[in-house]
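Read through the structure below, which is laid out as structure tokens, and then see the notes.
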2 protein chains.
Amino acid sequence: MREQIRPTVPPVRVGNVFEETMERLVRSIRLGQFPPGSRLPSERDLAEELRVSRTTLREALAELKASSYVTVRRGRYGGSYVADALPHRPAAPLDADEVSDILTLRRILEPAAAELAAERGPTGPQREELWSLHVELTECSVGQYRPLDSRLHLRIAELSGTPSLLAAVADTRARVNSLLDRIPLLPTNLDHANAQHTEVVVAILDGDPAAARAAMLDHLDGTAALLRGFLG
Amino acid sequence: MREQIRPTVPPVRVGNVFEETMERLVRSIRLGQFPPGSRLPSERDLAEELRVSRTTLREALAELKASSYVTVRRGRYGGSYVADALPHRPAAPLDADEVSDILTLRRILEPAAAELAAERGPTGPQREELWSLHVELTECSVGQYRPLDSRLHLRIAELSGTPSLLAAVADTRARVNSLLDRIPLLPTNLDHANAQHTEVVVAILDGDPAAARAAMLDHLDGTAALLRGFLG
DNA sequence: AATCATTGGATCAGTTGTAGACCATTGACT
DNA sequence: AGTCAATGGTCTACAACTGATCCAATGATT
């Protein structure tokens with residue numbers, strides 16, 4: 001008789017509400033969803049979006065403030081403002097299996113997203129925004145590169161017109177970011193990445209799905225090689 | 001000045017713990033992770049896996065029992081047993097955007113999973129199990145088809161050797177299932193699907209990635225057309 | 001027939017998270 | 001200079017969830 005194989009059922013909840021909330025916020029900031037210098041929604045609004053009590057949200061915000069992710073100002077027109085340069089994270093050791101897992105999934109998702117974005121063809125304002133995001137990325141300071149890079153990639157995924165794909169890309173990108181935090185950010189690589197971004201963006205604007213996919217694949221394999229290199 | 005576009009931050013938690021637990025169990029059962037007739041882990045074990053108190057888990061199980069997903073027996077060697085034929089779900093109206101969203105993502109993930117599975121090449125026991133799952137599917141009763149079908153697809157995703165991909169496939173498959181629950185299960189389609197499954201499985205066993213991807217794509221587009229047809 | 005480990009069933013004190021009201025502060029606007 | 005709406009800061013009563021203990025039932029094993 002065949003041995004009964006039962007994949008484990010993943011936990012309903014990881015950590016408590018406070019921890020999850022905290023993680024969500026850090027993630028959103030590192031993904032460039034709230035770019036450096038921008039303002040978070042008011043506590044009341046954010047709590048509602050996250051479906052969390054304001055009390056709990058405030059605990060998380062206090063933690064973010066303590067780790068200097070944000071600065072908080074009171075009064076009307078006050079709020080929580082994202083720091084201009086994000087704090088460094090404690091570097092955990094790289095696990096080869098995890099690296100391979102993340103990179104494999106990303107290699108499936110992002111080229112498909114770029115391809116779909118090119119197929120759909122962005123509207124006028126979307127075209128301008130996509131290009132300006134790219135330009136902003138080439139001009140920003142090194143300390144702001146990662147979140148703005150993520151923001152560009154997420155915007156492309158959004159242009160695929162497939163919300164679930166965007167969510168999946170955001171998930172993997174958050175994980176990739178935590179890997180990238182463990183290796184240095186070299187100017188040479190940035191130039192290379194910027195050139196590749198140009199290719200991807202142009203292909204999307206040209207409505208050339210195959211080129212968009214190919215350029216994205218090329219781009220991803222670049223950083224993938226970089227990451228694998230740091231595994232020894 | 002460019003209008004500030006801020007994608008919404010998804011909720012930290014959807015529903016309360018009870019509802020989430022309940023949903024997880026229903027999902028696992030409908031995905032064939034606990035096939036018809038099989039036994040769930042003991043309440044203590046399940047609660048631990050789901051990271052939920054036994055109290056809450058029991059509330060969810062009580063609900064499952066009430067909707068005749070499971071039958072419960074007391075005493076040693078007792079436990080919760082999955083029903084032989086799963087209950088029908090209330091049919092919500094099909095939303096065209098949601099259908100397209102799910103099908104698009106699935107079309108990205110599952111062919112990639114099949115391709116990777118073929119590339120890797122299953123080990124001896126895995127080969128036998130994969131084939132026997134397929135055979136089981138061709139021989140089962142109509143009431144058991146959906147969960148066993150899902151189980152086969154998940155097993156293929158698992159053979160990709162990429163845990164995150166498996167998780168993503170499971171997610172989309174759960175959503176596809178909820179769509180499929182709204183359209184009838186025609187014997188003609190089943191025969192067709194079984195033939196396509198054969199192609200996919202054979203390609204994987206042959207270690208032919210391109211064929212595996214192509215066969216899976218073909219298979220998915222079949223049911224996709226079916227679903228789109230029911231949108232009018 | 002008796003044993004007993006394992007399972008579901010029930011209860012309760014303690015902790016975590018929520019909802020809402022209210023206060024304190026700020027700065028654009030009049 | 002004064003107003004006031006929106007924001008962060010604080011507190012409290014309430015609900016949800018936990019974890020721990022104990023009870024009741026079952027059936028393979030002896």
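Throughout, a chain's letter reflects where its sequence line sits, starting with A, and its residues are numbered from 1.
Here A:Arg58 lies in heavy-atom contact (under 4.0 Å) with a base. Residue B:Ser42 is classed as a sugar-phosphate contact, given heavy-atom separations below 4.0 Å to backbone atoms only. If you check every strand for non-hydrogen atoms under 4.0 Å, B:Arg54 touches a base.
Using a cut-off of 4.0 Å between Lys/Arg side-chain N and Asp/Glu carboxylate O, B:Arg58 and B:Glu43 are scored as salt-bridged. The pair B:Glu129-B:Arg155 meets the salt-bridge criterion, since a charged nitrogen lies less than 4.0 angstrom from a carboxylate oxygen. Using a 4.0 Å cut-off between a side-chain N of Lys or Arg and a carboxylate O of Asp or Glu, B:Arg173 and B:Asp149 qualify as a salt bridge.
The CD-C1' distance, from B:Glu43 to C:dA10, rounds to 11 Å in whole Å. Nucleotide C:dA19 holds its P atom 10 Å from the CD atom of A:Glu48, rounded to whole Å. The distance from atom OH of A:Tyr77 to atom P of D:dG8 is 14 Å, rounded to the nearest whole Å. Across the protein-nucleic acid pair, A:Glu20 atom CD and C:dT16 atom C1' stand 15 Å apart, rounded to whole Å. Straight-line distance from the CZ atom of A:Arg76 to the C1' atom of C:dT25: 13 Å, rounded to whole Å. When rounded to the nearest whole Å, the span between CD of B:Glu59 and P of C:dT11 equals 13 Å. Here the P atom of nucleotide D:dC23 and the CZ atom of B:Arg74 are 14 Å apart, to the nearest Å. Following rounding to the nearest Å, A:Asp45 (CG) and D:dG8 (P) show an atom-to-atom distance of 9 Å.
Set against D:dG19, C:dG8, C:dT18, the side chain of B:Thr55 has D:dG19 as its closest nucleotide.
Nearer the 5' end of DNA chain D, as judged by each residue's closest nucleotide, is the contact made by A:Arg44, out of A:Arg13 and A:Arg44. Remark on DNA chain C: of its neighbouring residues B:Lys65 and A:Arg73, the 5'-side contact belongs to B:Lys65, judged by nearest-heavy-atom nucleotide.
In this structure, A:Arg73 is positioned above the aromatic face of A:Tyr81, its NZ or CZ under 6.0 Å from the six-membered ring centre and within 45° of the axis.
The aromatic rings of A:His197 and A:Tyr145 sit parallel, their planes meeting at an angle under 30°, below the 60° perpendicular limit.
For A:Thr56 and C:dT16, the shortest distance from a side-chain N or O to OP1 or OP2 is not below 4.0 Å.
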